[in-house]
Amino acid sequence: MGSVDKTLFLLSHGGDTLIVQIYVDDIIFGGSAHALVSSFAEQMSREFEMSLMGELQFFLGLEIKQGLEGTFVHQAKYTRDILKKFNMGDYKPMTTPMSTNMALDADEDGEAVDQKEFRGMIGSLLYLTATRPDIQFAVCLCARYQASPRASYRQAVKRIFRYLTFTPELGLWYSSGSSLSLRGFSDADHAGCRIDRKSTSGTCQLLGTSLVSWSSRKQASIALSTTEAEYVAAASCCSQFLWMKATLSGFGLRFGKISLLVDSTSAISVAKNPVLHSRTKHIDMRFHFLRDHYEKGDIDLVHVISANQLADIFTKPIEFDAFTRLRGELGVLQVEGVDNALIKEEIESQWTGIIALLV
């Protein structure tokens, strides 16, 4: 059993590995040897009444294409379904999910809209962010206004749907040639919320070139400076790193110092300074564990220029050219159909992925 994720199970047998992931009554399992996978399937079938669904192609609304060069995970069918459900398929497509000059506020005098429909739209979009980090910021921003939705908020959500009509086939690409080095990016939009002036943290973590974790979240407290906002965001990214290291250790992966890329030299200086001074003493002590883990050598805070800050896409609306570049660097791509013969050859010779349903 995994030390962190109790629904993850691993078995090492000789030089081969079997991995089993359970979600309620669904199971995904795969291994480096076909015999090991077949043995597990037979044993489970004897113990439980279950149906083997074969090669992993569809799971919990996610579509998976496996090939020699890598794996593509997307929700194209789900995207088309929600566009049809909310009658958004015929609207003019947009190239970005949010305009750079759009700013949502309280809008107390705005026209009220159907709360049930608005929440349904937000819920549908939130599930889509499982494979679409490019809409994460826009969806999370609109989700803040579910208590009393207005026409202006619905217009912002409508813009996201119009972007989806422009990019329905996008998904996450995981290259088989990616390294297993861990690195992350953190950024913050200081006082971005126009209602309470709280900042938005954006973080993402990559295993080699593969995006495996990301977030866009309003900070719990008001930051008094850009430095503080960036420092809090970096602490959040560091916290995610600690969880990932513990989880990946179950796969036999060990990591030394992890690079955390931040575009604020001031925030980096605060983390590297062991002395609390007047500019930082008001920061909640729980965020100073970032400094502790830097001193322990768990992470290495590295400056990155703002143009190369991948987490920027999770903190604010961005112009089309920069948006598409960051989206591509995060591995959000459109991959054409993968040849079935190549999939079969790859699975039989190197890795077998099977999905089973307990009934």
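Small disclaimer: the values here were computed from a predicted structure and weren't measured. Only heavy atoms go into these numbers, but all of them, side chains included; no hydrogens, no water, no symmetry mates.
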Check against side-chain hydrogen bond (donor to acceptor under 3.5 Å, both in side chains), Thr203 and Arg217: CA-CA 9 Å; Thr203 66; Arg217 184 174 302 170; over 6 Å; no
Exam field: side chain Glu63 to backbone Lys77, donor-acceptor pair closer than 3.5 Å: yes
Backbone of Leu68 reached by a side-chain donor or acceptor of Ser176 within 3.5 Å: yes
Same apolar cluster (I L V M F W Y, side chains within < 4.5 Å links), Phe320/Met98: no
Contact summary for Phe241 and Gln205, nearest pair of heavy atoms: CE2-CG, 3.7 Å
Over 12 non-hydrogen atoms of neighbours within 6.0 angstrom of OH in Tyr163: yes
ILVMFWY network linking Val24 to Ile19, side-chain heavy atoms under 4.5 angstrom: yes
Spacing of Asp26 atom CG and Met50 atom CE [to the nearest 0.5 Å]: 10.0 Å
Closest non-hydrogen atom pair, Leu260 against Ala234: CD2-O, 3.6 Å
Single-linkage hydrophobic cluster, 4.5 Å side-chain cutoff, Met244 and Val4 together: yes
Full working for side chain to side chain contact (heavy atoms under 4.5 Å, CB included) between Ser213 and Trp243: CA-CA 11 Å; Ser213 178; Trp243 179 86; over 6 Å; no
Atom CZ of Arg150: over 12 foreign heavy atoms under 6.0 Å: yes
CG on Asp300 to NZ on Lys257, rounded to 0.5 Å: 5.0 Å
Ser38 side chain to Ala35 backbone, donor-acceptor under 3.5 Å: no
Gap separating the CG atom of Asp312 from the OG atom of Ser306, nearest 0.5 angstrom: 7.0 Å
Cys237 versus Cys204, closest heavy-atom pair with distance: SG-O, 4.4 Å
Any donor-acceptor pair under 3.5 Å from Ser264 side chain to Ala267 backbone: yes
Atom of Phe72, atom of Leu170 and distance for their closest heavy-atom approach: CZ-C, 4.2 Å
Ring geometry between His288 and Tyr231 (parallel below 30°, tilted from 30 to 60°, perpendicular above 60°): tilted
Side-chain (Lys6) to main-chain (Ser3) donor-acceptor, under 3.5 angstrom: yes
Centroid-centroid under 6.0 Å between Tyr91 and Phe161 rings: no
Side-chain (Tyr153) to main-chain (Asp105) donor-acceptor, under 3.5 angstrom: yes
Phe137/Phe323 aromatic ring centres below 6.0 Å: no
Side-chain heavy atoms of His13 within contact of Ser39, under 4.5 Å: no
Interatomic distance, Asp189 atom CG to Glu230 atom CD [nearest 0.5 angstrom]: 9.5 Å
Close side-chain approach of Leu206 and Phe185, heavy atoms under 4.5 Å: yes
Min side-chain heavy-atom separation Met94-Phe166 under 4.5 Å: no
Side-chain donor or acceptor of Arg291 paired with backbone N/O of Val270 under 3.5 Å: yes
side-chain hydrogen bond (donor to acceptor under 3.5 Å, both in side chains) partner of Glu169, the single match among Gln75, His74, Arg80: Arg80
Leu128 side chain reached by Val139 side chain, heavy atoms, under 4.5 Å: no
Audit row: Leu141, Thr200, side chain to side chain contact (heavy atoms under 4.5 Å, CB included) steps and yes/no: CA-CA 9 Å; Leu141 178 62; Thr200 298; over 6 Å; no
Heavy-atom check, side chain of Leu330 versus side chain of Phe314, under 4.5 Å: yes
Inter-residue atom distance Cys142.SG - Ile160.CD1, 0.5 Å rounding: 4.0 Å
Joint cluster assignment, Leu62 & Tyr23, ILVMFWY side-chain distance < 4.5 Å: yes
Same cluster (ILVMFWY, side-chain, under 4.5 Å), Leu104 and Val113: no
Validation row: Pro149, Arg154 side chains within 4.5 angstrom (heavy atoms): no
Enclosure of Glu319 CD (heavy-atom neighbours >12, cutoff 6.0 Å): no
Non-hydrogen atoms of Leu290 and Leu301 that approach each other most closely: CD1-CD2, 4.4 Å
Lys/Arg N to Asp/Glu carboxylate O, Arg325 vs Glu329, below 4.0 Å: yes
Under 3.5 Å donor-acceptor, Ser178 side chain and Thr209 backbone: yes
Thr129 and Leu125: CA distance, side-chain angles, deciding distance, side chain to side chain contact (heavy atoms under 4.5 Å, CB included) verdict: CA-CA 7 Å; Thr129 60; Leu125 290 171; 5.8 Å; no
Thr165 side-chain N/O to Arg162 backbone N/O, donor-acceptor pair under 3.5 Å: yes
Minimum-distance pair of heavy atoms, taken over all atoms of Arg144 and Cys193: NH1-CB, 4.1 Å
Interatomic spacing from CG in Leu211 to OG1 in Thr131 - rounded to 0.5 Å: 11.0 Å
Neighbour count >12 (heavy atoms, 6.0 Å) for atom CG, Asp90: no
Main-chain N/O of Thr17 paired with Ser32 side-chain donor or acceptor, under 3.5 Å: yes
Sub-4.5 Å side-chain heavy-atom contact between Gln240 and Val212: no
Lys84/Asp81 under side chain to side chain contact (heavy atoms under 4.5 Å, CB included): CA gap, chis, key distance, verdict: CA-CA 5 Å; Lys84 182 179 179 180; Asp81 288 344; 5.8 Å; no
Polar side chain donor-acceptor pair, Gln21 to Thr7, under 3.5 angstrom: yes
Basic-acidic side-chain contact under 4.0 Å: Arg132, Asp134: yes
Any Asp298 side-chain heavy atom under 4.5 Å of Ile258 side chain: no
